[in-house]
Number of protein chains: 2
Amino acid sequence: VEFRDLEIAVVGARGAVGSELLALLASRGVAATRVRALGRAASAGQRVPFGAQQLELRPADTAQLSGAQLVFLAAGAEAARELAPMALDLGARVIDASSAFREDPQVPLVLPEVNGGRLRTSRSRLVASPNCTTTLAVLATDPLRRAFGLRRMVLASYQAVSGAGRRAMDELRRQTAEALAGRTTAPQVFAEPCAFNLFSHDSAVDPHSGQNLEEQKLARESARLWGDGETAIAATCVRVPVLRVHCLALQLELVRPASEEEVRAALDGAPGLAWADDRELNRFPTPARAEGRREVLIGRLRPDPSLGRERDGRGRGFGLFVAGDQLLKGAALNCLQIAECW
Amino acid sequence: VEFRDLEIAVVGARGAVGSELLALLASRGVAATRVRALGRAASAGQRVPFGAQQLELRPADTAQLSGAQLVFLAAGAEAARELAPMALDLGARVIDASSAFREDPQVPLVLPEVNGGRLRTSRSRLVASPNCTTTLAVLATDPLRRAFGLRRMVLASYQAVSGAGRRAMDELRRQTAEALAGRTTAPQVFAEPCAFNLFSHDSAVDPHSGQNLEEQKLARESARLWGDGETAIAATCVRVPVLRVHCLALQLELVRPASEEEVRAALDGAPGLAWADDRELNRFPTPARAEGRREVLIGRLRPDPSLGRERDGRGRGFGLFVAGDQLLKGAALNCLQIAECW
């Protein structure tokens, strides 16, 4: 079966991730006639862009899902829990971008570059795409883990508001315009103001461990993707006033010592990664540089001065900075790649 | 000698740090007649606020520095290298906010809460105030270092543009307004766009180590402040689109294991620190919460899940998040506290 010959449904087609999915499908040459843009009943009849064309938004119900062979769910966890069983009963394959099934042992969690083989070994017709922060962290470090082993990752994130959806992006723009005009408006999407501000990630904090849900997801999902519990993670997840690209500051501890050149060689040409690493010009991964790019940018590779080096200059500690478009590789593009692998 | 009875000069009085210094002096009850606001000759004659009053800006030259007993230099490293010897020759005590003398072994580098005793043991009439990132990191962790020892600190910074001065703050506002209007303008202060963007710190990157100057300063200045080389630091310094508060995500490794309660008790009531640490309401240190506050906010204290715990629950690893007004404790307030200690 060719990917383009399938009947495809995108649920959440007006949302931040859904609209990127439609754009990617159009850019892959999928015909508009094969794609159904689905969303809330209240929005039915509206038009959504599909490349240069438009699609009419229809309600995400049994009638509209019926006959779809491939369903992308990009409408949040609650909608996914309702619609995934419905679409599976109707015979479709389902790829969910939400957190609803990421920890379900029956459902493969897939980052194609890392564990794409799971798509061949699993019989599940439902596949989950990992959390965006997990995707960037695991994609950027998997080549090092394969080459040298990865004992520990200390991560601090700089996460765009797009992770909280289109309304959050509107809120950042609106609040920023208000702030520039000397006014303040009460936040609606986030509990904290986001204009010229940043704050600990807006997910619930576990009262016992002190970790927020984003940090817990990162630990649990990366353990599922890697499958062996080798890598311990300490993370601090933070929202910054950026629209759609997440950045990560990583300090990595390898199992086996390596030289900087060996680490660089292991990352060179790894699937899905591209360098932005110019010390002379001080050009490294940034949101502006990563926005709209399918590759995840890596740079600032450097030895960790706080961990020892051996006599031959090899060491276990390295710093790395990562920037990836949260809406592309962090969500929509990964869902599409899962479909293509399948 | 009472602080208020001194003849005081503030050099760089129109700048981001200098104007905060004037505001702090006014709030301390210093009379306007005792304060000289100095700056570039080209700006002489302009008026600068001093509390509810105004001062006339005069050129920073021998004539104006003559007779000043206490000189605050807040005009950058280049001006400091020229004016500090001049002011010392004229008999003044000098406190420099720039990097010019921070690594000079003849000049004490002072964070009063940490090594204020240096002001009594040194005969130098010139004192340097540490880099803002160093100030926040050392102030927030010094109580833990005293109580348990601090072996290693992994730090990722979220630094406001104010660290690059008033022009950088203007650039962020202007670029953001342009971005909201759908236009882009070429950056002037920074090499990267700053509206809705972030980037690796805008200081030169060492071609060999890969560390930028801000990261090197942090390592060298904290070693000077602590004086014993116990603490190894791995840092990633990043500019974010925030106006005046720096934040730090820290992962700390103590020398001696401690429980979370013991760590909390050690930080409780420490000078210059205040808690913002509410897991239930997800309220932690933010720029908005720290702006204009003299205390540095700390929160998100939690055990590091990537480092082991002992049977009694004690461990060496802890996470902490810090937010401090870069223009206050990160610069102007620390200079004033040095003067008060003196």
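Computation of the quantities below employed the complete heavy-atom set of this structure, encompassing side-chain atoms and omitting hydrogens, waters and symmetry-equivalent molecules. Residue numbers begin at 1 in each chain, while the letters A, B, ... track the order of the sequences. This is a predicted model, so every value here is computed, not measured.
- Looking only at side-chain heavy atoms (C-beta outward), Ile233(B) and Ser306(A) stay at 4.5 Å or farther from each other.
- Counting only heavy atoms from C-beta outward, the side chains of Asn212(A) and Asn282(B) never approach each other to under 4.5 Å.
- Looking at Thr236(B) and Gln251(A), their side chains come closer than 4.5 Å, going by heavy atoms from C-beta outward.
- The choice from Val245(A), Val242(A), Asp277(A), Leu250(A) that makes the most heavy-atom pairs within less than 4.5 Å of chain B is Val242(A).
- Heavy-atom contacts from other residues, nucleotides or ligands closer than 6.0 Å to CD of Glu310(B) number more than 12.
- The residue among Ala249(A), Ala288(A), Ala191(A) with the most heavy atom pairs within less than 4.5 Å of chain B is Ala288(A).
- Among the candidates Ala232(A), Ala234(A), Ala235(A), Ala156(A), the residue making the largest number of heavy-atom pairs closer than 4.5 Å to chain B is Ala234(A).
- When Glu215(B), Arg151(B), Glu260(B) are compared by the number of non-hydrogen pairs under 4.5 Å with chain A, Glu215(B) comes out ahead.
- Heavy atoms from other residues, nucleotides or ligands lying under 6.0 Å from CZ of Arg283(A) number 12 at most.
- For residues 298-305 of chain B, heavy-atom neighbours of chain A at less than 4.5 Å comprise Arg300(B), Arg302(B), Pro303(B), Asp304(B), Pro305(B), sorted by residue number.
- Proximity to chain B is absent for every atom of Gln216(A), based on heavy atoms less than 4.5 angstrom apart.
- The residue among Leu281(A), Thr176(A), Leu180(A), Leu198(A) with the most heavy atom pairs within less than 4.5 Å of chain B is Leu198(A).
- When the heavy atoms of residues 314-326 of chain B are compared with those of chain A, the residues falling under 4.5 Å are Phe321(B), listed by number.
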| request: Go through Asn197(A) and Glu291(B) one step at a time and tell me if the side-chain contact (heavy atoms from CB on, under 4.5 Å) criterion holds. | output: CA-CA 10 Å; Asn197(A) 196 29; Glu291(B) 184 168 330; over 6 Å; no
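- Heavy atoms only, all atoms of each residue included: Phe284(B) and Ser200(A) are closest at CD1-CB, 3.7 Å.
- Proximity to chain B is absent for every atom of Thr231(A), based on heavy atoms less than 4.5 angstrom apart.
- For chain B, the nearby parts of Gln211(A) are the backbone and the side chain; heavy atoms of each come within less than 4.5 Å.
- When each of Pro241(A), Ala179(A), Cys247(A) is checked for heavy-atom pairs under 4.5 Å with chain B, Pro241(A) comes out on top.
- Both the backbone and the side chain of Arg173(B) come within less than 4.5 Å of a heavy atom in chain A.
- Between chain A and the options Tyr158(B), Phe196(B), Phe199(B), the largest number of non-hydrogen pairs under 4.5 Å is found for Tyr158(B).
- Chain A forms the most heavy-atom pairs under 4.5 Å with one residue out of His208(B), Arg244(B), Met153(B), and that residue is His208(B).
- The environment of CZ in Arg167(B) is sparse: at most 12 heavy-atom neighbours from other residues, nucleotides or ligands sit within 6.0 Å.
- Of the listed residues Leu243(A), Val238(A), Asp206(A), the one with more heavy-atom pairs under 4.5 angstrom with chain B than any other is Val238(A).
- Neither the backbone nor the side chain of Thr184(A) comes within less than 4.5 Å of any heavy atom of chain B.
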